[in-house]
Structures are given as C-alpha cells and as structure tokens.
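All ligand and atom numbering here is 1-based and tracks the order in the structure.
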Amino acid sequence: MPAKNKNEEIIDLTHKYVANTYGRFPITLVRGKGIKVWDRAGREYLDFVTGLAVNSLGHCHPSVVSAIQKQAGQLLHVSNLYHIEPQARLAQALTKVSFADKVFFCNSGTEANEGAIKLARRYSFDQGYKNRYEIITMENSFHGRTYGGLSATAQTKFHNGFQPLLPGFKYVPFNDIKAVEKAVTSKTCAVLLEPVQGEGGVYPANKNYLKALKKLCQQKDLLLIFDEVQTGFGRTGKLFAYEHYEVKPDIITWAKALGGGMAIGAMGGSKQVMKSLVPGTHAATFGGNPLACSAALASLQVLNRKGFLEKSCAVGNYFESKLKELAQSQNAVNSVRGTGLMLALELNVPATSLVTDCMKKGFLINCVQQNTLRFLPPLTVSKKDINGLLKVLKELLGKLPS
Ligand SMILES: *Cc1c(COP(=O)(O)O)cnc(C)c1O
C-alpha cells in the first residue's frame, strides 16, 4: 500500500478527531508571508480571505511577529488582578484613534458582543430604567455564535435546533429607519448593527439611515452599538467604518484584525457608558493578556503609518471599479457591493464551485449566502495581485452556463 501523503494524513486526523463544525477545503496551509500562503505540498496561493478579515497586514507581518517574539520571551499571561503594561498601552492607543474613552478586552468577536449586550442592559439599569432590556438588531446580521451573539444574529439558519435563545432581541429589516421606529418600546435599551453587514453578504448601511438611527437613539435615550468586528481596522478604507458615516456609536465591538493575527477582541465605549462597568460586573481570564495586546499594538502602529490607509483605500477603489467592469461583461453577475477592501460579487447562480476553481488556480476567496463571492484581501494587496484574481474570475465566470 502506498504511504499516505502528509496532506491526506492531516485531513484524516481532522475528520477523526476535530469536531465537524467547519466545511473545509482539502488543503493544509503551513506557511504565510504577506498575501501569499503555502500548503503542505508547497503550492502557493494568493490569499483573498485572510483568515476572514484577520490578517489585514498580510501573513506574519514582521512588526507583529517581532512584537510577539519579544513579548513571548518576557511574559505570556498574568491575571487582570494586576496591571498589564501592553494592555494599558493598547487601550490608550485605541482611545486615541477612536471615539471610545475606555476599552474592555476579551478574546473574540462574539465575546466582544456579549460584553456590549451586558453593558447596554447594565447601563440602562444604572440610568434608572428598571425594565429596559430589549435590543433591536437587523435582519441578515451576524454577531457571533455564543448565546448572546447568536440571539442578536437575525438569521434563522444559525438558530435552528439551538432554541430557546436569549430573550430580549427584536429583529427588523436593515436600512429601514421606519422599522426601527416601530420596534422601539419602553423596554428597548439599545440598537445593535454592523455598519457594513459582512457574513450577510457585504451590505453597507446607508448614510441617511445611520444618521437617522443616531438621532432616534438620542431622542429615546437608547444606546447605539456598532459591531465593527469585521469592518474595523482599515477593512473599509477608514480605520473604522463609522468614520464614513460621521456617526459615532456609544459602544463599539472589535476583534478579527485587531491583533494582526493574534486572537483578541475588545469593546470600546464613551466615558459615560463605560462607567457602568465596575469591578465584578464583567471579566475574561485571557482578556487583555500581554501577548495579544503586544501584537495588537504593533499592528495598530503599522495601520497608523502615514499614507497606509489612503493607499489601501485607493487599491480598494481600483478593485471595486474592476469588479464593476467585470460585472458589466458577465451575465452571471448580479451586483458588486462593498467598500474599501471588503467587497463582494453577487452572482445569479450558485457561487460555491467558483471558490474551489479559484483555489485550483492559486487564489483563495470566500463565498457567503451561497451566491456571493466575498473578497477580504490584506490591506497591502497590490493592483497586480488583484489583476491576477480578476483574470481568473473572468475566465471562470465566462465558462458558467448563462
Ligand atoms: C466574525 C464576526 C463576529 C464573530 O467573531 P468571532 O471572533 O468569530 O466570535 C461577530 N460580528 C461580526 C460582524 C463578525 O464578522
């Protein structure tokens, strides 16, 4: 019997021993540098997935790697019973670049949203509203897989078999201010949404909608919470998506790209709102640990470099215009959506097979909602890399039956 190749061995081990929660492609990625990743067989891919908007500086950015190496030799973890220097410095850096005055650290996006949900209820309670707990969220949203985040997520496909959900969520159509107005009751404490819906298919909020939402929240004394877990840290062409809208939320949640590849989540808020978090109200053992915070600090310093975001924004505009050109020439394309380097191509046919076909040609891309190709390249992606992908997409789309 021929010896199994190493890749097959890893696939077998995964099937046998890892919970089957992901549909995986049959490759094992072992190394990355910039936009490139390599599988066990040494095949090279250009990565337009980036661990789902995590590796925004590309793989193994030298500043992030060296910060991790340095911190790893010094101190990996200590309890939040003590002060932690990289955590304090990261919090300061985050408040400097955002509306937030204070930050709570955790380890993932869903956990950041749990914090936001708890904070919204607690703040409302502290304001003297004794029976306010409802949070309005948007259809087609995605806020994570733990019970708070899952209950906030208004897509039934994620709920099936997991009921009862956390009570107190009301779902309304996205980009529909009238629907929010109608849903507000004396029990409402907050509105939670993604400024650009990611998993739902890359749908940006309208500017007038977010402005009206802010006004409504102010009038009714509700908290406005932006889930910027995916849109944060330059993904949409600005450091945070809310900057496009000139609308500041009261609470913001972050994760994905925050750590430059390390697992870290955070929730930021205004001074007024964050006053409700006092010792004993919320915690996370690993939250704000030295290693993750050092990586995030290094990553943020790169994003803050003069011209970095402007350049990535320009490349994003180029990518979008090229996708629009492609859409014009291809019958299979319904629409192009997105902003910055968070872009999508919606097809009028199932799009999943295109992901595999692109992979065979050396490009990693993602598909959401069955028919929508989502592109989340590193913010350092070049026009040449984009042109390479477009050439492959054009060829593959041209072969689709129309
Ligand atoms: C990915 C994502 C989450 C969940 O983040 P995890 O780190 O997987 O828990 C929450 N909200 C949005 C908008 C996301 O894109």
Decide whether an N or O pair under 3.5 Å exists between [X] and ligand 1.
{"X": "E194", "value": "no"}
{"X": "F142", "value": "yes"}
{"X": "Q230", "value": "yes"}
{"X": "V229", "value": "no"}

Parallel, tilted or perpendicular: which one describes the rings of [X] and [Y], with boundaries at 30° and 60°?
{"X": "F99", "Y": "Y242", "result": "perpendicular"}
{"X": "F48", "Y": "F363", "result": "tilted"}
{"X": "F375", "Y": "F319", "result": "tilted"}

Which ligand 1 atoms are under 4.0 Å away from a heavy-atom of [X]?
{"X": "D227", "answer": "10 (C), 11 (N), 12 (C), 13 (C)"}
{"X": "T110", "answer": "4 (C), 5 (O), 6 (P), 9 (O)"}
{"X": "N113", "answer": "10 (C), 11 (N)"}

Legend entry - Residue portion contacting ligand 1 (non-hydrogen atoms closer than 4.0 Å) for S108: both
Legend entry - Cation-pi geometry met for R337 and Y203 (6.0 Å, 45°): yes
Legend entry - Cation-pi, F233 ring and R235 (6.0 angstrom, 45 degrees): no
Would you mind checking which non-hydrogen protein atom is closest to [atom], with the distance to 0.1 Å?
{"atom": "atom 10 (C) of ligand 1", "value": "H143 C, 3.5 Å"}
{"atom": "atom 6 (P) of ligand 1", "value": "G109 N, 3.4 Å"}
{"atom": "atom 15 (O) of ligand 1", "value": "K256 NZ, 2.6 Å"}

Inset, instruction - Measure the spacing between NZ of K211 and CD1 of I177 and express it to the nearest 0.5 Å. - result: 13.0 Å
Inset, instruction - Specify whether the nearest protein heavy atom to atom 8 (O) of ligand 1 is under 4.0 angstrom away. - result: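 Protein heavy atoms within 4.0 Å of atom 8 (O) of ligand 1 - there are none.
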Inset, instruction - Output yes when a side-chain donor or acceptor of T339 lies under 3.5 Å from a complementary backbone atom of T236, and no otherwise. - result: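 Yes.
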Inset, instruction - Using distance alone, with no hydrogens and no angle criterion, decide if K118 and H282 have a side-chain donor and acceptor under 3.5 Å apart. - result: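 Side chains of K118 and H282: pair found under 3.5 Å.
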